[in-house]
Every structure is written in C-alpha cells, then in structure tokens.
A.B. asks: 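Quick one: the structure is below, and I'll ask about it shortly.
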2 protein chains.
Amino acid sequence: MNSDLTLSSLRDKGHKITNVRKEVVGMFSQADKPLTAQELHKALKTIGLSVNKTTVYRELQFLTDQGYLVEVHLNPKETSYESTDLMHHHHLICETCGKIDNVTNCLAKELEEDVLKKKGFEIARRSLEFYGTCADCSKKS
Amino acid sequence: MNSDLTLSSLRDKGHKITNVRKEVVGMFSQADKPLTAQELHKALKTIGLSVNKTTVYRELQFLTDQGYLVEVHLNPKETSYESTDLMHHHHLICETCGKIDNVTNCLAKELEEDVLKKKGFEIARRSLEFYGTCADCSKKS
DNA sequence: ATTAATTCGCAAATGTCTTGCATATTGTAT
DNA sequence: ATACAATATGCAAGACATTTGCGAATTAAT
Ligand SMILES: [Mn+2]
Ligand SMILES: [Mn+2]
Ligand SMILES: [Zn+2]
Ligand SMILES: [Zn+2]
C-alpha cells in the first residue's frame, strides 16, 4: 500500500471532498487498467456527473501531486494514470484489440542492481511495457 | 544490424535522396540518444539547412514506415526516434539533467517466456526505461 | 451565517503533430 | 539535354491533448 487512495485519507490530509473527487477516487480504486482523462470524463458523464474536462485534468494533477496516482505512458497520444496502491506490476498491451493486462512478476530486479550500480545511476522509477498480441487476438488469426 | 540506415540502402530501395534525408540519416547514424522532431529541426537549421517543421515530421514518418527508425516514448510531451540499427538496449533517463544513457544488458529472456507464455501473450516489442538520477547529478547533491 | 481556501466552468492559449494543396525537386526514360 | 512521373516541400489550416487566467461556485471550519 503506497499511499492509500481513499476519501478518509484525503480528509485526514485536509483535502476537500467534492463530487468529482469522490467519483474519480472510486474509479481508480476499482480500475483494472490505467485510465486517461478522456475516459474518466466520459465515465463521469455516464454516471450523471457532467464535469468540465479541465476539472478532470486538474483532479488528475492534484491526485498525482499528492502521490495517489502515477502517470503511465502507454501511447504517445495521451497520458494514463493509475493508483499507486497497486501491487508492483508491468503491462501487457495488445496492439490488436487494445486490451491491457498486468504482469505481477518483476523482471528487472537483478538487472537493476547489477548494471545500474555500475553506472552510478540511482533508479527512482521504471517503466516496462510489453506490446504484442493477446491470447484472444492470436486465436482469431 | 536491423535495417541498415544508409544512403545506399535507401537508394537501393528506390527512395529519393534529398538534402534533408541525407542529413537526417547522418544525424541518426551518429546519435548517441533518441532524437525528437524539434531537435532535428533545430540541428538542421544549425547546419544551414532551413527546412519546414512539417518536412521533418514527414521524414520521420517515412523512415519509421520503412523500418529505419523506431519511436521511443521517453516523456509525454513529444516522441523521440532512434535507428533500428542500434544494438538492443534500454534507457537511463536522468530526471535532473535530462541526460540519456544506455544499458545494453537485456531482461532475462527466460522470464519473458515463462510469464508471458502462460498468458498466451505474444510479445512483439518491449519498452523499458529507468528514470532517476545519474552519477554526475548524484555527486552534486 | 461568515469567511478563507479550494475547486469549477469557460474561454483562450500552448504545443505537438497531421492534412490538403499547390509548387519544387529528384531520378529516369527519351 | 529534355520531358515526365513520382516524390518531397512549404505554407496554411486543423486536430487534439493539456494548460492557464479569472471570476463564480462550493467546501469546511468558525
Ligand atoms: Mn497498471
Ligand atoms: Mn536508445
Ligand atoms: Zn487483443
Ligand atoms: Zn543527471
């Protein structure tokens, strides 16, 4: 548990609880994949909370600044975000259907220590994504 | 050698050799880090070849389509490119000074096979970047 | 109910990247 | 050298994600 993305945590830190914040926090708690500003905006509208896109951007900025979310760059078009509460994992991105799956195994620990200490480079964070074809899409071809 | 980014290779494939193409190919051959459209545009201007930014974008698109370059997404702001001729490597990105270094070691292949075959996911390409503080910047702090 | 701090909506601006179209350049055939 | 077809280029216009300014609305505490 990296930061505890909950309303009570936010309240404890003295942050205001707005309708948008409430819903966004809920969505990230339940999300099984990274979410973009556009996706959130649409999802909020769907549940009847019509909010301005700017507000969504500001909320993402806020939650990221507070350490509740991290940016994930899966494509060059738009930034995705996910909760920092999530267990360490990497992404499997199907380039055919777009589905995003997770790998919870960590593939890089030895590599990090071995190679990077030699360079004197202190790793703060890593980004590892696999692009390819998911099982479902493989069958269909 | 993945694709041979040279003028003769381009000629052999029937592609025209323009001044811009000549210089861009040269720049990618010598580059020790991924380059962005903006960086190329500036570099071309510096050597006295004032070309429109659109042309730079189109050249990058062209060389990527032909398999000479690959996109690298180091930050959410802009896309970088590098030659596919380069030896397999990953990036060390210093978040303090912006310097980009390479790691030529690769992830344990077995791990990829082990974990991903279980998911039935066929890996086409992987993206691995480390963000942190380089040796130089560590010393200064 | 007051009030201070924060958030929201709206319009405008940024910056990257793309597209349409007319013109210029390249490589090749004559 | 000339003519031609294919391709590349410049310029203007657009598409879009993301940011910013600012006044109005909302939140939480007094
Ligand atoms: Mn994830
Ligand atoms: Mn590289
Ligand atoms: Zn798929
Ligand atoms: Zn540095």
Side-chain angles (χ1 to χ4, degrees), chain A residues 6-27 34-45 47-66 68-82 98, chain B residues 6-28 34-45 47-66 68-81 98:
Chain A
T6 62
L7 295 183
S8 42
S9 167
L10 283 163
R11 249 188 295 264
D12 290 350
K13 288 193 178 180
H15 299 125
K16 298 189 174 177
I17 307 300
T18 68
N19 290 329
V20 176
R21 185 156 297 164
K22 207 177 304 181
E23 296 301 337
V24 169
V25 165
M27 286 170 179
L35 303 173
T36 67
Q38 320 297 322
E39 289 172 333
L40 285 167
H41 183 243
K42 184 176 293 180
L44 290 169
K45 182 180 291 177
I47 65 174
L49 211 174
S50 265
V51 64
N52 193 280
K53 210 169 275 184
T54 300
T55 301
V56 176
Y57 279 110
R58 281 197 270 234
E59 189 59 29
L60 289 169
Q61 184 70 66
F62 170 82
L63 293 173
T64 301
D65 287 346
Q66 299 300 321
Y68 292 105
L69 301 181
V70 285
E71 296 188 354
V72 184
H73 305 300
L74 302 180
N75 70 68
K77 299 301 179 191
E78 52 186 341
T79 301
S80 299
Y81 296 80
E82 63 183 7
Chain B
T6 61
L7 295 183
S8 40
S9 166
L10 284 163
R11 249 187 295 264
D12 290 350
K13 289 194 178 179
H15 299 126
K16 298 189 173 177
I17 308 299
T18 67
N19 290 329
V20 175
R21 184 156 298 164
K22 207 177 304 180
E23 296 302 337
V24 168
V25 165
M27 286 170 180
F28 274 110
L35 303 173
T36 68
Q38 318 297 324
E39 289 172 333
L40 284 167
H41 184 243
K42 183 177 294 182
L44 289 170
K45 182 179 292 178
I47 65 173
L49 212 174
S50 267
V51 64
N52 193 279
K53 213 170 273 186
T54 301
T55 300
V56 176
Y57 279 111
R58 282 198 268 234
E59 190 59 29
L60 288 170
Q61 185 71 66
F62 170 82
L63 293 173
T64 301
D65 287 346
Q66 299 300 321
Y68 293 105
L69 300 182
V70 285
E71 296 187 355
V72 184
H73 305 300
L74 303 180
N75 69 69
K77 298 300 180 190
E78 52 186 342
T79 301
S80 299
Y81 297 78

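Note that the structure is predicted; figures quoted are calculated from it, not measured. Quick note on labels: first sequence line is chain A, next is B, and so on, each numbered from 1.
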A.B. asks: With A/T79, which residues qualify under side chain to side chain contact (heavy atoms under 4.5 Å, CB included), at least two apart?
C.D. replies: A/E71, A/H73, A/Y81, B/P76
A.B. asks: Partners of B/E23 by salt bridge (Lys or Arg N to Asp or Glu O under 4.0 Å), sequence neighbours excluded?
C.D. replies: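 Applying salt bridge (Lys or Arg N to Asp or Glu O under 4.0 Å) to B/E23 gives none.
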A.B. asks: Look at A/Q38 and D/dT18 and indicate whether a side-chain polar atom (N or O) is within less than 4.0 Å of OP1 or OP2.
C.D. replies: yes
A.B. asks: Between P on D/dT27 and CD on A/E59, what's the gap in Å once rounded to a whole number?
C.D. replies: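 Spelled out: CD on A/E59 to P on D/dT27 is 13 Å.
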A.B. asks: For B/T36, what residues pass the side chain to side chain contact (heavy atoms under 4.5 Å, CB included) criterion, not counting sequence neighbours?
C.D. replies: B/Q38, B/E39, B/E78, B/S80
A.B. asks: When the axes are fitted on five pairs at both termini, how much does the helix from C/dA1-D/dT30 to C/dT30-D/dA1 curve, in 10° steps?
C.D. replies: 20°
A.B. asks: Could you check whether A/F62 and A/H15 have their ring centres less than 6.0 Å apart?
C.D. replies: yes
A.B. asks: Going through the checks in order, is the side chain to side chain contact (heavy atoms under 4.5 Å, CB included) test met by B/L35 and B/V24?
C.D. replies: CA-CA 10 Å; B/L35 303 173; B/V24 168; over 6 Å; no
A.B. asks: When all nucleic acid strands are considered with a 4.0 Å heavy-atom cut-off, which category describes B/K53: base, sugar-phosphate, or nothing?
C.D. replies: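 The residue B/K53 makes no contact with any strand.
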A.B. asks: Expressed in angstrom and rounded to an integer, what is the separation of B/K77 atom NZ from D/dC16 atom C1'?
C.D. replies: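 Spelled out: NZ on B/K77 to C1' on D/dC16 is 13 Å.
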A.B. asks: Please identify each residue that fulfils side chain to side chain donor-acceptor pair (under 3.5 Å) with A/T64, with sequence neighbours left out.
C.D. replies: none
A.B. asks: Reckon A/T36 touches a base, only the sugar-phosphate, or nothing at all at heavy-atom distances under 4.0 Å?
C.D. replies: nothing
A.B. asks: Which pairs pass salt bridge (Lys or Arg N to Asp or Glu O under 4.0 Å) with one or both residues in residues 49-61 of chain A, sequence neighbours excluded?
C.D. replies: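 Counting only pairs at least two positions apart or across chains, the salt bridge (Lys or Arg N to Asp or Glu O under 4.0 Å) contacts touching residues 49-61 of chain A are A/R21-A/E59.
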A.B. asks: Among the candidates D/dC11, D/dT19, D/dA17, find the nucleotide nearest to the side-chain atoms of A/E78.
C.D. replies: D/dA17
A.B. asks: Under the rule for side chain to side chain contact (heavy atoms under 4.5 Å, CB included), what residues qualify as partners of B/D12, not counting sequence neighbours?
C.D. replies: none
A.B. asks: Please name the pair of heavy atoms, one in A/T6 and one in A/V25, separated by the smallest distance, quoted to 0.1 Å.
C.D. replies: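 Residues A/T6 and A/V25, closest heavy atoms: CA-CG1, 4.3 Å.
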A.B. asks: Hey, where on DNA chain C does chain A first and last touch, going 5' to 3'? Cut-off is any atom under 4.0 Å from a heavy atom.
C.D. replies: C/dA5 to C/dA11
A.B. asks: What is the distance from CG of B/L44 to P of D/dT9, rounded to the nearest Å?
C.D. replies: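 Distance check: B/L44 CG to D/dT9 P gives 10 Å.
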A.B. asks: Which whole-number value in Å describes the distance from B/L63 CG to D/dT7 C1'?
C.D. replies: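 The distance from CG of B/L63 to C1' of D/dT7 comes to 14 Å, rounded to the nearest Å.
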A.B. asks: With a 4.0 Å heavy-atom cut-off, tell me which residues in residues 6-22 of chain B come close to DNA chain C, sorted by residue number.
C.D. replies: B/K16, B/I17
A.B. asks: Starting at CG of A/L40 and ending at C1' of D/dT18, how long is that distance when rounded to a whole Å?
C.D. replies: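 From A/L40 CG to D/dT18 C1': 15 Å.
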A.B. asks: Report the residues that fulfil side chain to side chain donor-acceptor pair (under 3.5 Å) with A/S50, sequence neighbours left out, ordered by chain and then residue number.
C.D. replies: none
A.B. asks: Quickly work out the B/Y57 OH to D/dG14 P distance and round it to whole Å.
C.D. replies: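 Rounding to the nearest Å, OH of B/Y57 and P of D/dG14 are 19 Å apart.
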A.B. asks: To the nearest angstrom, how far is A/N52 atom CG from D/dT26 atom P?
C.D. replies: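 Interatomic distance, CG of A/N52 to P of D/dT26: 15 Å.
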A.B. asks: Does B/D65 have any side chain to side chain donor-acceptor pair (under 3.5 Å) partners at least two apart in sequence or in another chain, and if so, which?
C.D. replies: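 Side chain to side chain donor-acceptor pair (under 3.5 Å) list for B/D65, sorted by chain: B/Q61.
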A.B. asks: CZ of B/F62 versus P of D/dT7: gap in Å, rounded?
C.D. replies: 9 Å
A.B. asks: Distance-only, no hydrogens or angles: does the A/H41 side chain make a donor-acceptor pair with backbone N or O of A/V56 under 3.5 Å?
C.D. replies: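 Not at all, since once roles are kept as given, no pair shorter than 3.5 Å links the two residues.
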